[in-house]
Amino acid sequence: MAKVNVSIPQGTRDFGPETVRKRNFIFNTIREIFEQYGFQPLETPAMENLDTLMGKYGEEGDKLIFKILNNGLNDPKNIEKAKKAFQNLLSGKNDKDLTERALKYDLTIPFARYVAMHHGQLVFPFKRYQMQPVWRADRPQKGRYREFYQCDADIVGSNTLLNERELVHIYHAVFSQLGIHEYALKINSRKILAALAAICGGEEKLTDITVAIDKLDKVGPEKVREELSQKGLNEKQLAILSGYLAISGSNAEILSGLSALLGQTVAGKEGIQELSYLLDSTKTTPALRIMIDPTLARGLNYYTGIILEAKAPETVKMGSIGGGGRYDDLTGLFGVPGIPGVGISFGVDRIYDVMEELGLFPETVNVGTRVLFFNLGEAESEMSFNIMQALRYKKIACEIFHETAKMDKQFKYAEKKNIPYAAIIGARELAEKNITLKNLHTGKQETLTTESLLIYSF
RNA sequence: GUGGCCAUAGCUCAGUUGGUUAGAGCACCAGAUUGUGGUUCUGGGGGUCGUGGGUUCGAACCCCAUUGGCCACCCCA
């Protein structure tokens, strides 16, 4: 057999039929719940203007944006411009003469861009969901791909915490329905982190502080202190920080700890109130357990209020399978201030990996064709085909074996394709004008008339 | 962007200190079986050992380069 010599780009994947069915199971579940909660679908282009994306995800984020090379650079009249632009690029600056478009990095910023462009026509609060691929120029590793899907639900144009409350319920509904019961939903508030920054180092240290404490569970408190010491925090400030990091226990204990440390500041007080509200609001749904995690920070710097993150069950070592939070003024970045919002995201590819590892996909996910009509001869297959068409008309997925072959072969085909029923029409059935229907799962078979086959419940 | 591990049949892998014609299981095809699959038995096809170079009488094995994959750091879904 000839050796194929083709490949696909690093970090991308083909999805075979079985995988697509499983992925669709996840997509369908999420979509159904988004719709149940009153969200409307939206799609935006794969690429955006580079300007739209740059500077929205932090310094690291900018590096991970896939840029698209402009066309026509080799046109003689562009060559000089292109050379100059390339020099610019080498010194770390982007240049429109070389690249002005990029693949989208997430769904939130393109959504903000959309809202900014269409705010005049939208009904607020605008609740949209979006399920599309995004691209990141990251090195692939476990649970990390260069092309992956996000499923986002955002509400813009509304300030009330009822929105956060709904989003928390969406997380719970989706994970429950997918069978991922051991997930952890962690919440925190940027206001609390801002209050912390204010009393230890100043507000301009907010990003440094959030980045450092976000690593706490990985590197331990000592390293966090070290890192922040290098960022210029003094002993007294580090002591406050240590006090903050030591806050743990039940949600109530954490709240009182936070209250003692930050309750005097305006931001701290607000953050604590918001977390309390969200916690209280879930008490009527005991299965929905949220945990306050003071060390939850989240990388994206546009968040301003409640932030949340869904973690995969500990055993699978996948980390975050979803995240989100409130932002006060995302559209302000695009010249339309005053539209606050809050949203969440599901990482489908990681959810898939988690479900695969835990064996959570139902067996029925991979049933496509319900009935295989056997092909046992010319006249036989003629009768099969006609009955099959009638069944298809009744919305039952069927296929007929592509050629006359031994039953053995046709059974094996059905088995491999996970087809639950075989409709056998051979010489005998042809003469008696009936159909042998075999359930391949139980091995039982029965003789049916055409009429009874057409109303059979498969 | 930095570092570690790996690459042998369609898939999962074995292959001794470098030594004749590179193996196994699964999968595939055919037969045992002319109307009954999943189990079994028999036979068969399939490999430029990721790619390029080097060392050697001789390389899947050693060396260099390159590409790809996995994993970790950074960061993140």
Side-chain angles (χ1 to χ4, degrees), chain A residues 1-13 16 26 30 57-65 92 104-108 131-152 183 207 210-212 214-215 218-219 223 227 296-301 308-312 317-324 344-354 372 374-377 380 401 404-431 436-445 447:
Chain A
M1 198 178 289
K3 191 102 178 175
V4 289
N5 190 25
V6 288
S7 62
I8 55 175
Q10 187 180 43
T12 66
R13 297 149 303 155
I26 301 174
I30 295 174
Y57 307 107
E59 214 174 304
E60 282 301 314
D62 281 356
K63 288 185 199 161
L64 299 180
I65 294 171
K104 66 176 175 243
Y105 178 91
D106 75 350
L107 302 180
T108 308
M131 311 203 298
Q132 290 191 276
V134 300
W135 293 268
R136 295 185 187 177
D138 222 348
R139 278 262 181 107
Q141 60 178 283
K142 184 173 182 184
R144 175 174 301 184
Y145 306 99
R146 288 185 146 183
E147 177 183 61
F148 62 97
Y149 271 74
Q150 292 192 326
C151 298
D152 279 29
Y183 77 98
T207 305
T210 54
V211 167
D214 193 37
K215 295 179 198 159
K218 265 188 198 164
V219 300
K223 289 268 175 197
E227 181 169 335
L296 176 64
R298 293 196 55 75
L300 301 173
N301 45 25
L308 48 163
E309 190 159 300
K311 298 225 169 200
K317 303 233 170 1
M318 188 62 73
S320 171
I321 51 176
I344 56 170
S345 180
F346 289 87
V348 172
D349 302 76
R350 284 191 180 173
I351 291 172
Y352 178 96
D353 290 346
V354 167
L372 177 70
F374 276 26
N375 183 333
L376 298 167
E380 291 90 336
F401 198 77
T404 301
K406 293 200 301 186
M407 296 186 86
D408 172 80
K409 210 169 173 179
Q410 306 196 37
F411 271 119
K412 282 185 171 152
Y413 176 81
E415 204 181 303
K416 268 181 277 188
K417 285 194 70 178
N418 221 342
I419 298 171
Y421 291 94
I424 303 168
I425 296 171
R428 202 160 61 216
E429 287 83 359
L430 191 63
T436 298
L437 184 71
K438 180 163 182 171
N439 179 324
L440 297 186
H441 217 71
T442 62
K444 282 185 189 146
Q445 60 184 46
T447 304

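Side chains are part of it too, since the values below use all heavy atoms of this structure and drop only hydrogens, waters and symmetry mates. Chain letters run A, B, ... following the sequence lines, proteins first and then strands; every chain starts at 1.
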- Along nucleotides 72-77 of chain B, 5' to 3', which nucleotides get a B, which get an S, and which get a -, given that the test is a protein heavy-atom distance under 4.0 Å? BBBBBB
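The backbone N or O of A:Y57 lies less than 3.5 Å from no partner atom in the side chain of A:D62, so there is not a single donor-acceptor pair. Judged by distance alone, the side chain of A:R350 and the main-chain N or O of A:S320 form a donor-acceptor pair under 3.5 Å.
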- How does RNA chain B read in dot-bracket, base by base from 5' to 3', with Watson-Crick or G-U pairs under 3.5 Å and | used when the partner is on another strand? (((((((..((((.....[...)))).(((((.......))))).....(((((..]....))))))))))))....
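Using a 4.0 Å heavy-atom criterion, one finds that A:K406 contacts the sugar-phosphate atoms exclusively. Residue-level contact check: A:I351 touches neither bases nor backbone, having no heavy atom under 4.0 Å from any strand.
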- Task: Please lay out, stage by stage, how A:V354 and A:Y183 fare under the test side-chain contact (heavy atoms from CB on, under 4.5 Å).
- Result: CA-CA 10 Å; A:V354 167; A:Y183 77 98; over 6 Å; no
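Legend: residues meeting salt bridge (Lys or Arg N to Asp or Glu O under 4.0 Å) with A:K438, ordered by chain and number and at least two apart, are absent. Applying the side chain to side chain contact (heavy atoms under 4.5 Å, CB included) rule to A:A297 yields the partners A:L193, A:T210, A:D214; only residues at least two apart in sequence or on another chain are considered.
For the OP1/OP2 pair of B:G69 and a distance below 4.0 Å, the side-chain nitrogens and oxygens of A:Q10 include at least one atom meeting the criterion. An OP1 or OP2 oxygen of B:C28 is reached within less than 4.0 angstrom by a side-chain nitrogen or oxygen of A:K416.
In this structure, the nucleotide among B:U36, B:G37, B:G31 sitting nearest to the side chain of A:D408 is B:G37. Taking every side-chain heavy atom of A:T436 into account, B:G35 is the closest of B:G35, B:G31, B:G69.
Residue pairs meeting the salt bridge (charged side-chain N to carboxylate O under 4.0 Å, His left out) criterion with at least one member in residues 411-423 of chain A, sequence neighbours excluded, are A:E399-A:K417, A:D408-A:K412.
Nearest-nucleotide positions on RNA chain B for A:T442 and A:G11 put A:T442 closer to the 5' end.
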Listing time: all N or O pairs from protein to nucleotides 39-43 of chain B that are below 3.5 Å?
none

